Colleague: 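Below: one structure in structure tokens.
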Amino acid sequence: MPELPDVEGFKRYWARHASGHRVKEVRVSNPAIVRNTSPSALARALKGRRLERPSRHGKWMFAPAGGPILLLHFGMTGGLLWSRDESDRHRHDRLVLVLDGGEIRYRNMRMLGGAWLARDASQVGQITGELGPDAAVVDRPQLEELLADRRGGIKAALMNQGLIAGIGNELSDEILWQARIHPSAQVQGLGRRRLGALHRAMTDAIVESNRHGRIPRLDGWITSQRGVRDPRCPRCSSRLRRATIAGRTAYWCPRCQRH
DNA sequence: TCAGTTGTTTATAT
DNA sequence: AATATAAACAACTG
């Protein structure tokens, strides 16, 4: 689930429930979820601090706490939950910040992703690694520039976080379907016209998804067909193709999407 | 029982 | 030097 729009939703959720509250306790049920420090050091760094407004870059969420910053990556199955008390904690609530008035929980079934602690903003970049510009703010000239000397397939390029941050498997399928571009089309084969369509689709898909705070499964979107028994193109009703492209299961319409 | 899964990193191959 | 591929991580679901 967690791609750019999902993390945008988590950020808003954090802002609504956790921001402005003071950290009373830090609970870590699985120490491995804290990636670059120990649970006790994390607790020491955060306890007593007031949580500020969160921010996001790509699939990363940053939760500043008056100096130190908590970094969250949600992997494939992560999410946040707010609760007034501890009565309904789940076994996959790997990290819980007990605040005044309730608690915010980082839940993650699989252990992909996790929590990192940065001493300050200057340390954030080395934790996230190389990230391209956030996909939500890439304008058309910048997209053309990013892809100008890129070889290989377009789906791989869109999902490369070091090139453009925030697009994952589902969002890349949606963008490419909306732009009518085949997922394995070579970047160098895309003319300016198709790059324009790509940018339009990327922007539209992200703006609409961000409104929902997640990638929606809208009737007119190809993501609505993911996982169904007989997936069909919402535009032309052709049977969708499904195959591994750039290491992930891609869905596309063989009639609408061309190389 | 077994394949498949929204992400990233690592190793290996091209 | 880039790009591609596969495996690994963990814990589920169908």
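Every chain is numbered from 1 and lettered A, B, ... according to where its sequence line falls, protein lines coming before strand lines. Not measured: the values here are computed from a predicted model.
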Colleague: What is the separation between atom CZ on A/R151 and atom C1' on C/dA1, rounded to the nearest whole Å?
Modeller: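 Checked: the CZ to C1' distance equals 8 Å.
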Colleague: A/R229 has an atom CZ; how far is it from atom P of C/dG14, in whole Å?
Modeller: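 Whole-Å distance recorded here is 13 Å.
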Colleague: Output the single nucleotide from C/dC9, C/dC12, B/dT5 whose closest atom is nearest the side chain of A/R91.
Modeller: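 The answer is C/dC12.
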Colleague: Side chains of A/T223 and A/E170: do they bring a donor and an acceptor to under 3.5 Å?
Modeller: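 No pair is found: no donor N or O on one side chain lies under 3.5 Å from an acceptor on the other.
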Colleague: Under 4.0 Å, counting only non-hydrogen atoms across every strand here, what does A/G129 touch: a base, just sugar-phosphate, or nothing?
Modeller: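 It contacts nothing in the nucleic acid.
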Colleague: Tell me which nucleotide among B/dT8, B/dG7, C/dA2 gets nearest to the side chain of A/Q161.
Modeller: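 Of B/dT8, B/dG7, C/dA2, B/dT8 is nearest to the side chain of A/Q161.
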Colleague: Does A/R150 put a side-chain nitrogen or oxygen below 4.0 Å from OP1 or OP2 of C/dA2?
Modeller: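 It does not, given that no N or O in the side chain of A/R150 lies less than 4.0 Å from OP1 or OP2 of C/dA2.
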Colleague: Quick check on A/R241: does its CZ atom have over 12 non-hydrogen neighbours (other residues, nucleotides or ligands) under 6.0 Å away?
Modeller: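 Counting neighbours around CZ of A/R241, 12 or fewer heavy atoms of other residues, nucleotides or ligands fall under 6.0 Å, so no.
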Colleague: Taking atom C1' of C/dT3 as reference, at what distance in whole Å does atom CG of A/D149 sit?
Modeller: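 Result: 13 Å.
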Colleague: Dump the intermediate steps for side chain to side chain donor-acceptor pair (under 3.5 Å) on A/H259 and A/S184, then the final yes or no.
Modeller: CA-CA 7 Å; A/H259 277 95; A/S184 55; 3.2 Å; yes
Colleague: Once you round it to whole Å, what is the distance between C1' of C/dC9 and CZ of A/R94?
Modeller: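 Taking atom C1' of C/dC9 as the reference, CZ of A/R94 is at 12 Å.
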Colleague: Closest approach to the side chain of A/K59, judged atom by atom: which nucleotide of C/dA11, B/dT8, C/dC9 is it?
Modeller: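 Selected nucleotide: B/dT8.
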Colleague: Take atom CD of A/E170 and atom C1' of B/dG4, then tell me their distance rounded to the nearest Å.
Modeller: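 Between C1' of B/dG4 and CD of A/E170: 14 Å.
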Colleague: Under 4.0 Å, heavy atoms only, any strand: does A/R35 hit a base, just the sugar-phosphate, or nothing?
Modeller: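 No contact.
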Colleague: Start at the 5' end of DNA chain B and walk down; is the nucleotide closest to A/R242 or to A/W60 reached first?
Modeller: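 Its nucleotide being nearer the 5' end, the pick is A/R242.
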Colleague: Starting the side chain at C-beta, find the nucleotide from C/dA2, C/dC12, B/dT5 nearest to A/M109.
Modeller: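 Among the listed nucleotides, the one closest to the side chain of A/M109 is C/dC12.
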Colleague: Taking CZ from A/F10 and C1' from B/dG7, how many angstroms apart are they, rounded to a whole number?
Modeller: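 Distance check: A/F10 CZ to B/dG7 C1' gives 13 Å.
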Colleague: Counting only side-chain N and O atoms of A/T249, is one of them less than 4.0 Å from OP1 or OP2 of B/dT5?
Modeller: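 For B/dT5, OP1 or OP2 has a side-chain N or O of A/T249 closer than 4.0 Å.
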Colleague: Do the side chain of A/E174 and the main chain of A/M202 share a donor and acceptor less than 3.5 angstrom apart?
Modeller: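 No: the side chain of A/E174 does not pair with the backbone of A/M202.
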Colleague: Can you find a side chain N or O atom of A/H73 that sits less than 4.0 Å from OP1 or OP2 on B/dT8?
Modeller: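 Checking A/H73 against B/dT8: at least one side-chain N or O falls below 4.0 Å of OP1 or OP2.
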Colleague: Could you tell me the separation between the CZ atom of A/R248 and the P atom of B/dT8, rounded to a whole number of Å?
Modeller: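 Interatomic distance, CZ of A/R248 to P of B/dT8: 8 Å.
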Colleague: To the nearest Å, give me how far apart CG (A/D93) and P (C/dA11) are.
Modeller: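 Taking atom P of C/dA11 as the reference, CG of A/D93 is at 14 Å.
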Colleague: So is A/R235 actually on top of A/W177's ring, under 6.0 Å and inside 45° of the axis?
Modeller: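 Because its charged atom sits under 6.0 Å from the ring centre and within 45° of the axis, A/R235 does stack over A/W177.
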Colleague: With sugar-phosphate meaning primed atoms plus P, OP1 and OP2, does A/G168 contact a base, only sugar-phosphate, or nothing at under 4.0 Å between heavy atoms?
Modeller: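 It contacts sugar-phosphate atoms only.
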